[in-house]
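Below, chain A is the first sequence line, B the second, and so on; all start at residue 1.
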Amino acid sequence: MTSENRSDLIPDTEKTNFIRDIINEDLRSGKYTKIITRFPPEPNGYLHIGHAKSICLNFGIAEDYKGVCHLRFDDTNPIKEEQEYIDSIKEDVRWLGFDWGEHEYYASEYFHTLHEWAIFLIKKGLAYVDDQTPEEIRINRGTLTEPGVNSPYRERSIEENLELFERMKNGEFAEEERVLRAKIDMASPNINMRDPIIYRILHAEHPRTGKEWCIYPMYDFTHGQSDAIEHITHSICTLEFENHRPLYDWFIEVLPVPAEPHQFEFARLNLTYTVMSKRKLLKLVKDKLVNGWDDPRMPTISGMRRRGYPPEAIRNFCDKIGVAKANSTVDFAMLESCIRDELNKTADRYMAVLDPLKVVITNYPENQEDWFDADMNPEDPNAGTRKVKFGKELYIDREDFMENPPKKYFRLAPGAEVRLKHAYYVTCTDVIKDAEGNITEIHCTYDPESKGGSSPDNRRVKGTIQWVNAKEAVTAQVNLYDKLFTEENPDRTDEGKTFIEYMNPDSLTVIKNAKLEPALKDIPNDKAVQFIRLGYFIKDKDSKENALIFNRTVGLKDSWAKIQNKN
RNA sequence: UGGGGUGUAGCCAAGUGGCUAAGGCACCUGCCUUUGGAGCAGGCAUUCGCAGGUUCAAGUCCUGCCACCCCAGCCA
């Protein structure tokens, strides 16, 4: 091996984890002079936040070390895989902000090489065709504590194996009738080494190779070799493959592969109040317990996109949670914090009310109107300002008025004065009710001196609430989301329940009659905004010109709710 | 009961024998505020799963123990 020290490639970064330590060492020692990683999804479902961790790790390393990251579809099981998933995966990786350039690969492109390598193994006496039934194979594999027993077909001649494997390939056998196995050690304490199956018969059409094959290589016979073919230097996967590493290394050792990749394992991401297994997510979709893979309550990348999570926030989250080998469950609040942090810096502010309560400013002249300058984002002076129009009749949120307020309630109440954001101070003078005693309207007076939101006498007004002008407000549907599960760990089984039974019946609240500042009507679909005091929102893809729909991405931190919960 | 892993705060997570155990989330004070948002200041592990041992010095090394996770698909 030529040994060139490329420690110059080691990035100056605060990101630190055991994988980067290994890479740094490999660069210093001259083991590698260029880093090549890969993200290897199986196209059998949509990507979720757990995949985002792997994507950020693999593509992030490639970026930082001036290397490349391949996007490789692990498409060895045509029964579960579909083109729809391939398309969604590419869209999601791209949306997260990563670029695989020309390096888009498919394990299925290597089927011919893999097939040749299988024959190579047979010729070396290191693989054989087994005629046992699945049941027999299972029984003879032994258990965790007992060794397996050799297949009666284990010592077939190389010629017979070659012929049988050829006939398998030619479609002469039914599924489950025969398999090709590596001949390793049926007594190995590592079950993966007990003559693992490397080829099975599947009379299924493949999304990419069509009907060309009826035998398909297993994951273990595919992954490492694909890594070798692509000259991957660091093949990073999750912990459950740790037991497979000896097998990975065995194939690399024994086969005439063009490179010697190495596998490293890290702990997959778990998040509180959500499930991450593709099987479970698929069930939620298939059983229509959610509205598709991109339901904003789903932990899928597409769900988060529709929910309004910015890709930068997801990437930042992946950086913050770190990469280690200990199983862990990250607090959902950590993700939300990253979302708010990003949105606080970037989202323009607008005013909206979710549950409109009419306010009449009794001393405001009938035909007067005021235009106020409202800052788009107090965090970003460059965001500029917009004009908002004030009027005699407004809407405020019903939550922002209480007839009998508790202590420390800073909002509107009879006799209380509040600031209407960007506009005037108002004081509540009357409460109007219907026959049932429901509050239908409140009357206020305004202080003309407080124009713009501050008064010459500098008197303190504790509360500031948002409002919209009744005359020009636009009506919209607003979707509020809560956790999909009520249980921190929906995967728990100790109560004898399934994850479905932990679903939160109130995970979606649809508000039909929200009133919005008119400017919101023309907001682009992918532009995140803040509704002042209510949270961050994004226009839903089903939103129409005359049927606006906004999804709440995440609420603002609510210290008032916290105070109330204490009492 | 075989093999492979992992244990640092409520949750992530640095730490590679040597100054007072990083940082973030959450939480708690106080300040500030035209969003009860944001921001600012401070607090929050006498101790690193437990017990021994080595050393002038141990979260880091050694021994033993405990707990949890993964593996018996012709899934990946």
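Rounded to whole Å, the distance from CG on A/Leu47 to C1' on B/A76 is 14 Å. What separates CD of A/Glu42 from P of B/A76 is a distance of 6 Å, to the nearest Å. Here the P atom of nucleotide B/C75 and the CZ atom of A/Arg138 are 14 Å apart, to the nearest Å. When the P atom of B/G5 is taken as reference, atom CD of A/Gln263 falls 12 Å away, rounded to whole Å. Rounded to whole Å, atom P of B/C69 lies 13 Å from atom CG of A/Leu239. As a whole-Å value, the separation of A/Tyr219 OH from B/C71 C1' is 14 Å. Rounded to an integer number of Å, the gap from A/Leu114 CG to B/A76 P is 12 Å. Taking atom CZ of A/Phe173 as the reference point, atom P of B/C74 lies 19 Å away to the nearest angstrom.
Counting atom types as modelled, A/Asn327 pairs no side-chain N or O with a base atom of B/G5 as donor and acceptor under 3.5 Å. Counting atom types as modelled, A/Glu14 pairs no side-chain N or O with a base atom of B/G24 as donor and acceptor under 3.5 Å. Judged by distance alone, with hydrogens and angles left aside, A/Asp331 brings no side-chain donor or acceptor close enough to the base of B/C25 to form a pair under 3.5 Å.
Taking the C1' atoms as reference points, B/A9 lies 11 Å from B/U47, given to the whole Å. Distance check on atom P: B/C40 versus B/A58 gives 38 Å, rounded to whole Å. If you take atom C1' in B/U33 and the same atom in B/A38, they sit 9 Å apart, rounded to whole Å. Taking atom C1' on both nucleotides, B/G37 is separated from B/G43 by 23 Å, rounded to a whole Å. Rounded to whole Å, the P atom of B/U16 lies 31 Å from the corresponding atom of B/C70. Comparing B/U20 with B/G30, their C1' atoms are spaced 25 Å from each other, to the whole Å. Going from the C1' atom of B/U60 to that of B/U1 covers 33 Å, rounded to whole Å. Annotation: B/U6 and B/C44 have their C1' atoms spaced 27 Å apart (nearest Å).
For the OP1/OP2 pair of B/C75 and a distance below 4.0 Å, the side-chain nitrogens and oxygens of A/Lys278 include no atom meeting the criterion. Between A/Thr76 and B/A76, a side-chain N or O to OP1/OP2 separation shorter than 4.0 Å is present. The shortest distance between the side-chain N/O atoms of A/Arg200 and the OP1/OP2 oxygens of B/C75 is below 4.0 Å. Checking the phosphate oxygens (OP1, OP2) of B/U16, no side-chain nitrogen or oxygen of A/Arg20 falls inside 4.0 Å. The side chain of A/Thr16 contributes an N or O atom lying less than 4.0 Å from OP1 or OP2 of B/G15. Proximity of A/Lys462 to the phosphate of B/U33: no side-chain N or O atom is located under 4.0 Å from OP1 or OP2. For the pair A/Arg419 and B/U35, the criterion of a side-chain N or O lying under 4.0 Å from OP1 or OP2 is not met. Regarding contacts with the backbone of B/G37, a side-chain N or O of A/Ser559 is found under 4.0 angstrom from either OP1 or OP2. Applying the 4.0 Å criterion to OP1 and OP2 of B/G4, one finds that A/Arg245 has every side-chain N and O outside that range. Phosphate proximity of B/C74 to A/Arg141: present, with a side-chain N or O under 4.0 Å from OP1 or OP2. For the pair A/Lys557 and B/A38, the criterion of a side-chain N or O lying under 4.0 Å from OP1 or OP2 is met.
Among the heavy atoms of the strands lying under 4.0 Å from A/Asp74 are primed sugar atoms or P, OP1, OP2 only; no base atom is included. Residue-level contact check: A/Arg411 touches the bases, meaning some heavy atom is under 4.0 Å from a base atom. At a threshold of 4.0 angstrom between heavy atoms, the contacts of A/Glu25 with the nucleic acid are absent. Within the 4.0 angstrom heavy-atom criterion, base atoms lie near A/Pro378. If you check every strand for non-hydrogen atoms under 4.0 Å, A/Phe18 touches nothing. Residue contacts for A/Ile137: at a heavy-atom cut-off of 4.0 Å it reaches a base atom on one of the strands shown. Within 4.0 Å (heavy atoms only), A/Tyr216 reaches no atom of the nucleic acid at all. Within 4.0 Å of A/Lys421, counting heavy atoms only, lies at least one base atom of the nucleic acid. Using a 4.0 Å heavy-atom distance criterion, A/His223 is classed as making no nucleic acid contact. As judged by a 4.0 angstrom heavy-atom cut-off over every strand, A/Glu176 is placed among the base-contacting residues. Within 4.0 Å (heavy atoms only), A/Ser454 reaches at least one base atom of the nucleic acid.
Nearest nucleotide to the side chain of A/Ala326, out of B/G2, B/G7, B/G37: B/G7. Distance from the side chain of A/Asn243 is smallest for B/C70 among the nucleotides B/G36, B/C70, B/A38. Side-chain proximity of A/Pro189 to B/A76, B/G3, B/U1: nearest is B/G3. Each of B/G36, B/A72, B/C25 was ranked by its minimum atom distance to the side chain of A/Met334; first place goes to B/C25. In this structure, the nucleotide among B/G4, B/G36, B/G24 sitting nearest to the side chain of A/Lys320 is B/G24. In the set B/U33, B/C74, B/C25, B/C25 carries the atom at the smallest distance from any side-chain atom of A/Ser337. Checking B/C71, B/C74, B/C12 against the side-chain heavy atoms of A/Ser328 singles out B/C12 as nearest. Of the candidates B/A76, B/C12, B/G2, B/C12 carries the atom nearest the A/Ile321 side chain, counting heavy atoms from C-beta on. Considering only the side chain of A/Ala324, B/A13 comes nearest among B/U35, B/A13, B/C71.
Of the candidates A/Tyr219, A/Phe264, A/Tyr248, A/Phe241 forms a ring pair (Phe, Tyr, Trp, His ring centres under 6.0 Å) with just one, namely A/Tyr219. Exactly one residue among A/Phe537, A/Tyr536, A/Phe531 makes a ring pair (Phe, Tyr, Trp, His ring centres under 6.0 Å) with A/Phe550. That residue is A/Phe531.
Formation of a donor-acceptor pair under 3.5 Å by the A/Asn161 side chain with backbone atoms of A/Tyr128 is not found in this model. Between the side chain of A/Asn344 and the main chain of A/Arg340, no donor-acceptor pair closer than 3.5 Å is present. The main-chain N or O of A/Arg194 is never found under 3.5 Å from a side-chain atom of A/Arg141 such that the two would form a donor-acceptor pair. The main-chain N or O of A/Arg178 is never found under 3.5 Å from a side-chain atom of A/Asp131 such that the two would form a donor-acceptor pair. Side-chain N or O atoms of A/Asn17 include none that pairs as donor or acceptor with a backbone N or O of A/Ala324 at under 3.5 Å.
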Task: ring-ring contact (aromatic ring centres under 6.0 Å, His included) evaluation trace for A/His70 with A/Tyr105 - done: CA-CA 7 Å; A/His70 299 180; A/Tyr105 304 115; 4.9 Å; yes

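A side-chain donor from one of A/Asp457 and A/Ser455 sits under 3.5 Å from a side-chain acceptor of the other.
For the pair A/Arg181 and A/Tyr153, the cation-pi criterion (under 6.0 Å, within 45° of the ring axis) is not fulfilled.
The ring of A/Trp560 lies on top of the base of B/G36, close enough and flat enough: under 5.5 Å between centres, under 30° between planes.
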